[in-house]
Structures are given as structure tokens and as C-alpha cells.
Amino acid sequence: VTVRVPLLEQRDASYDIVIGRGLLAELGTRVRRACPARRYALVTDDVVDSLYAGRVLDALRVADLAAERFAFPAGEAHKSRETWARLSDALLGAQLGRDSAVIALGGGVVGDVAGFVAATYLRGIPYVQVPTTLLAMLDSSIGGKTAVDVPSGKNLIGAFHQPCLVVADLEVLRSLPRRELAAGLAEAIKHGVIADAAYFETLEATHARLLGGDLEVLEPVVARSVEIKAEVVAGDEREGGRRAILNFGHTVAHAIEATSQYAILHGDAVAIGMVTEARIAEALGLAPPETSARIARLVTHCGLPRERPLGAGVEALVAAMYHDKKTRDGVVRFSLPRAIGAMRGDARAGWTVAAPLDVVRAALDPRSG
Ligand SMILES: NC(=O)c1ccc[n+]([C@@H]2O[C@H](COP(=O)([O-])OP(=O)(O)OC[C@H]3O[C@@H](n4cnc5c(N)ncnc54)[C@H](O)[C@@H]3O)[C@@H](O)[C@H]2O)c1
Ligand SMILES: [Zn+2]
């Protein structure tokens, strides 16, 4: 399956997302066509390096492309300015010029850091996303948001930089731990809530096979999520408007991640965030009462958490939300559903809603209410 992201602001920057099995073997041909360069920097983390970098380097060599490998330690803690600086210096040390390109091989952490390196290296060079986690395939590799985490919060230093190609080879999911598969399903559930009730029902009907890593059911799920994300970002590349609906669950999620020192998985935090923010939508009378319970059921079936970790206190989370980039004038704003499959908002009223603090507190602490 190939999904094209038509970028309206810059038509010549449109790019393809290719989804299928066994695509790594023919990566060289696609890269040469969509992202020609004299030399390539293959950026990856140490886990993916030992699993797939050799195969990718072979595929590039077969197509006569010159590539060097740059690996950094795996994990969210390394999605940092330090990693960005070290990689940038390593590329400079290897004397890669403006006629080079980056290939990001890995999960969302690799995609975000390598994308940010590409966005800033010699004022910007092209890059290819080769996502290897479910989360990266169906979400983070698309849309051109690149960033690192800093002490003040998640993704606060970064840039918009669109990839020239995304290649998702489902075969690599065979080595992905179940916990990471679940984390990816959190973003798929989000896509169902924000845009497609029938897709949400598909996830309800197939969660066991999805969590079991069954590629037959995972492939159409990746394809549908990619379509939804591509459709949302195509009309709003730099998040001036409707793209904000992709942040459903993420205001709370980013606060949970920041207060946990990034020890909790992004997908786990998103699951908790979706349940909490759906409760906020219900409390504000924007969504029908069953919404959060239905999301909570699917989240649980997918092996994801639904309540904030005991270590994350309500006041610490509220304080962290004030640091999040979606706050304006000291008010915390949320992207909220009006039902499963539809978000609240329009071009005139905007796509986010301010929620009073007592409503946020009650949603984070349902047992005390
Ligand atoms: N840019 C965006 O639009 C966007 C969207 C959503 C999430 N994100 C970001 O994505 C990050 C989360 O990404 P993630 O969940 O992919 O985490 P990750 O990149 O940390 O990958 C998770 C773990 O799986 C390992 N791994 C990767 N591929 C593997 C494979 N095929 N087999 C075995 N192990 C493998 C990695 O080494 C890592 O240890 C967060 O930082 C989040 O903020 C960005
Ligand atoms: Zn996310």
C-alpha cells in the first residue's frame, strides 16, 4: 500500500508512505528515487542497530548508495539535546556535505532525533523515515514533527521538517516486544476516536490478534492509521488549526511522561491521557457519558494502563500541564472528542477547549469524586 501525503503549502514536498512486507530488501531503489544524495547517514539506536542496520546497509550497497552508520543508546532518555549534538558532530566529523541525506531507522525516538538532526544539519538536509516500531509506523514517522525532550518538557525544542519518503516494513514487527506493540495500539485507538468510529470498532473486534503480532490484521491497521494521520496533517502542516486534534490524550500524556522522568512509555501515557481527557469532555457536557468507559475498555484489552501511576500526583501533573506548549494565558487547553470518531471544534471556534482546573483534577482522580 502506498499513501501519498499531499502538502498544500509546498506541493513539491509531497511524499509517499510505503507499507508492506519485505520492503527493507528493496530500500535502496526507493531511496535513490525519492531521496537522491551523494552519501547517506544511517541513524539508529543500538537495539535496532544490531537487529536491522546490517540488512539496510546491504540494501543500500546493492543499489550502489554510499552509507555510514551512526548509532546512539536506545530509549526516551536519549531523545535529548546531547544526542542531537553528538550525532551532528559525528556527521560533521565524517565530512558529510549538503548533498547528503539522513535515513532514520528505528522507533519514534530515532525518528524524532534523526529528523531534528536532518532539519538543522548545514541548515537542513533531506531525510527518509524507516520506522521499526508499530507506533512509529502508524504515527510518529508521518507529519514532519521532529524534536528532542528537555528538562522543561517533552518535544519542546524541535522543528517541522517533512521526510521525502517513509518505508514501513511490517516484517520488523516480529522482533518488537508485546509491550511496544501495545504502545503503538494506543495511537491507533487515538486515530479511531478522532476520525473514524468504524476503525475504532475494528480495533475492538481484533485487539487480541493485534496484540499477538498477527501481521494479517496489523497491516490494514497501519494503513488506516497512516491514511487518517496523512489526511489530518496534509491540510495543516505546521499545526495552525485542525492538526491539533492529533493531540487528543497528549496534554495529560506529556505531563505523565515529564513527571515520570520519561520512565513510562509514550503509548502507555497516551492511553491514560485519552481516558482522562474523555472524562473531561464528558464533564464539560461535550461528549456522551459512555465515551471514556468505552475507550478505557479497549485500552485495557490492548494491555495498556488507564489510570495515572501512583507516583504521579494530581498536583504535579497539573503543574506539568502548565509547562506544556499547548497552554495559552495560563489556561490548559485540550483537544476533546464529541463522540467516538469525531472531535469537537471547527475553523471558527478553533480545535481546543479550555477546561477549568477542578474538572481536570476530578478527571485525574475519578475515585475521589
Ligand atoms: N513526531 C511525531 O509526530 C510523534 C508522534 C508520536 C510519538 N512521537 C514520539 O515517539 C517516541 C516514542 O516512539 P516509540 O514508541 O517507537 O519508542 P522507541 O523509539 O523508544 O522504541 C521503543 C523500543 O523498541 C526498540 N525497537 C525499535 N524497533 C524494534 C524492533 N523492530 N524490534 C525490537 N525492538 C525494537 C527500540 O530500540 C526501543 O528500545 C516518543 O518520544 C514520542 O514523543 C512522535
Ligand atoms: Zn503520541
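Numbers here simply count residues along the sequence, with the first being 1. All ligand and atom numbering here is 1-based and tracks the order in the structure. Worth saying up front: this structure is predicted, and the values here are computed from it rather than measured.
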- Item | E227 side, atom CD; I17 side, atom CD1 - distance, nearest 0.5 Å | 9.5 Å
- Task: List every atom of ligand 1 that sits less than 4.0 Å from any heavy atom of V109, numbering the atoms from 1 in the order shown and giving each element.
- Result: 11 (C), 13 (O), 18 (P), 19 (O), 20 (O)
- Task: Taking only heavy atoms of D112 into account, list the atoms of ligand 1 that are under 4.0 Å away from them.
- Result: 1 (N), 8 (N), 9 (C), 44 (C)
- Note on the structure: ligand 1 atoms nearer than 4.0 angstrom to some heavy atom of K145 are 1 (N), 3 (O)
- Task: Show the numbers, then the answer: is there a salt bridge (Lys or Arg N to Asp or Glu O under 4.0 Å) between D169 and R21?
- Result: CA-CA 5 Å; D169 182 348; R21 301 207 209 162; over 6 Å; no
- Message: Can you report which non-hydrogen protein atom sits closest to atom 32 (N) of ligand 1, along with the distance?
- Response: S175 OG, 2.7 Å
- Atoms of ligand 1 less than 4.0 Å from K229 heavy atoms? 3 (O)
- Would you confirm whether the ring centroid of F116 sits within less than 6.0 angstrom of the ring centroid of H161? no
- For atom 35 (C) of ligand 1, which protein heavy atom lies nearest, and how many Å away is it? L176 CD1, 3.6 Å
- Task: Record the part of N155 in heavy-atom contact with ligand 1 below 4.0 Å; permitted values are side chain, backbone, both and neither.
- Result: side chain
- Item | R69 and D49 ion-paired at < 4.0 Å | yes
- Going by heavy-atom distance to atom 24 (O) of ligand 1, choose the closest among H78, K154, E180, K190. E180
- Task: Would you kindly specify which portion of D45 sits under 4.0 Å from ligand 1, judged on non-hydrogen atoms: side chain, backbone, both or neither?
- Result: side chain
- Query: Got R308 and V314 here, is their nearest side-chain heavy-atom distance under 4.5 Å?
  - Reply: yes
- Message: Before moving on, can you tell me the angle at the Zn ion (ligand 2) between the NE2 atom of H266 and the NE2 atom of H250, to the nearest 10 degrees?
- Response: 100°
- Item | Matching residue for D112 among K154, K79, K145, E76 - test: side chain to side chain contact (heavy atoms under 4.5 Å, CB included) | K79
- Task: Using a strict cut-off of 4.0 Å, indicate which atoms of ligand 1 neighbour a heavy atom of Y52.
- Result: 31 (N)
- Taking every non-hydrogen atom, the tightest pair across P305 and V299: O-CG1, 3.3 Å
- Message: Show the atoms of ligand 1 that are less than 4.0 angstrom away from any heavy atom in K79.
- Response: 9 (C), 40 (C), 41 (O), 42 (C), 43 (O)
- For the Zn ion (ligand 2), the nearest N/O/S atom on E187 is atom OE2
- Query: Hey, are the side chains of V148 and T83 touching, using non-hydrogen atoms and a 4.5 Å cut-off?
  - Reply: no
- Between R4, R30, R33, which is the residue that forms a side chain to side chain donor-acceptor pair (under 3.5 Å) with D16? R4
- Message: For ligand 1, which is the ligand I care about here, please tell me if T146 has any N or O atom under 3.5 Å from one of the ligand's N or O atoms.
- Response: no
- Numbered in order shown, the ligand 1 atoms found under 4.0 Å of a heavy atom of E187 are 6 (C)
- Task: Begin with the C-alpha distance, continue with both residues' side-chain angles, and end with the deciding distance and a verdict on side-chain contact (heavy atoms from CB on, under 4.5 Å) for C35 and Y127.
- Result: CA-CA 7 Å; C35 191; Y127 75 119; over 6 Å; no
- Message: With a 4.0 Å cut-off on N to O distance, would you call R297 and E204 a salt bridge?
- Response: no
- Proximity to ligand 1 by part of L135, non-hydrogen separation under 4.0 Å: side chain
- Message: Counting only heavy atoms closer than 4.0 Å, does ligand 1 sit against the backbone of L51, its side chain, both, or neither?
- Response: side chain
- Message: Residue-level breakdown please: for A74 versus ligand 1, do any non-hydrogen atoms fall below 4.0 Å on the side chain, on the backbone, on both, or on neither?
- Response: side chain
